[in-house]
Amino acid sequence: MFTNRLGLSALAVTALLLSACGGGGGDEPTTRGAIAISDSTGIAAIIWNAPDQNVANDQARSKCGGGDCKVILQFSRCGAISTDFNLRKYGVAEGESEQSAQTAADGACRAAGGKNCKAPADGNLTARCN
């Protein structure tokens, strides 16, 4: 469970939240993950291996560091966030592996207007799998 300070766009949150959630097959892991973000502080958090989705969501909101923290991605497999610090854009995505989740998050960031989208540099918000 880690947090990181990001400069992020509220508009991208809304668009990506609507497109990031999806269903899975019957062999999904029993643990869950979540990514939350605070628009006021620019801090994000990723939680993985939580016992259920409610716990993952609560922990992510608690760790993101602001009273306005909201969950922008719930995941059962792997989850990732990508950001372009220069343009203050980001994207989130779920995938079958850390690499596929990160690739999809990078694409979502570019779709939101980012030009140099990648995982946050310090490693605290790298893609994680349950």
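Note that the numbering runs from 1 along the sequence shown for the chain.
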What is the minimum heavy-atom distance between Ala36 and Cys64, and which atoms define it? O-CB, 3.9 Å

Calculate, to the nearest 0.5 Å, the distance between atoms SG and CZ belonging to Cys117 and Arg110 respectively. 6.0 Å

Is a side-chain donor or acceptor of Asp84 paired with a backbone partner of Lys89 at a separation under 3.5 angstrom? no

Can you measure from CG (Asn124) to OG1 (Thr126) and round to the nearest 0.5 angstrom? 8.0 Å

For the SG atom of Cys109 and the NZ atom of Lys115, what is their distance to the nearest 0.5 Å? 10.5 Å

Keeping to residues at least two apart or across chains, list the salt bridge (charged side-chain N to carboxylate O under 4.0 Å, His left out) pairs with something in residues 49-60. Asp58-Arg61

For Asp106, side-chain hydrogen bond (donor to acceptor under 3.5 Å, both in side chains) partners two or more places apart: Ser82, Gln102

All side chain to side chain contact (heavy atoms under 4.5 Å, CB included) counterparts of Ala34, not counting sequence neighbours: Gln53, Ala56, Asn57, Ala60, Val71

Quick check: closest heavy atoms across Ala50 and Val55, and the distance to 0.1 Å? CB-CG1, 4.1 Å

Any carboxylate oxygen within less than 4.0 angstrom of a Lys/Arg side-chain nitrogen, looking at Lys70 and Asp39? yes

Taking atom CD1 of Ile35 and atom CD1 of Ile46, what is their separation to the nearest 0.5 Å? 4.0 Å

Sub-3.5 Å donor-acceptor pair from the side chain of Glu94 to the main-chain atoms of Arg77, do we have one? yes

Between Asn130 and Phe75 the two heavy atoms that sit nearest each other are ND2-O, 3.3 Å

Determine whether Cys69 and Ile37 make a side-chain contact, defined as any pair of heavy atoms from C-beta on separated by less than 4.5 Å. no

Tell me, please, which residues at least two apart from Ser100 pass side chain to side chain contact (heavy atoms under 4.5 Å, CB included). Glu96, Ser97

Does Ser40 offer a backbone N or O that forms a donor-acceptor pair with the side chain of Asp68 under 3.5 Å? yes

Starting at CZ of Arg32, measure out to CG of Asn54 and round the result to the nearest 0.5 Å. 11.0 Å

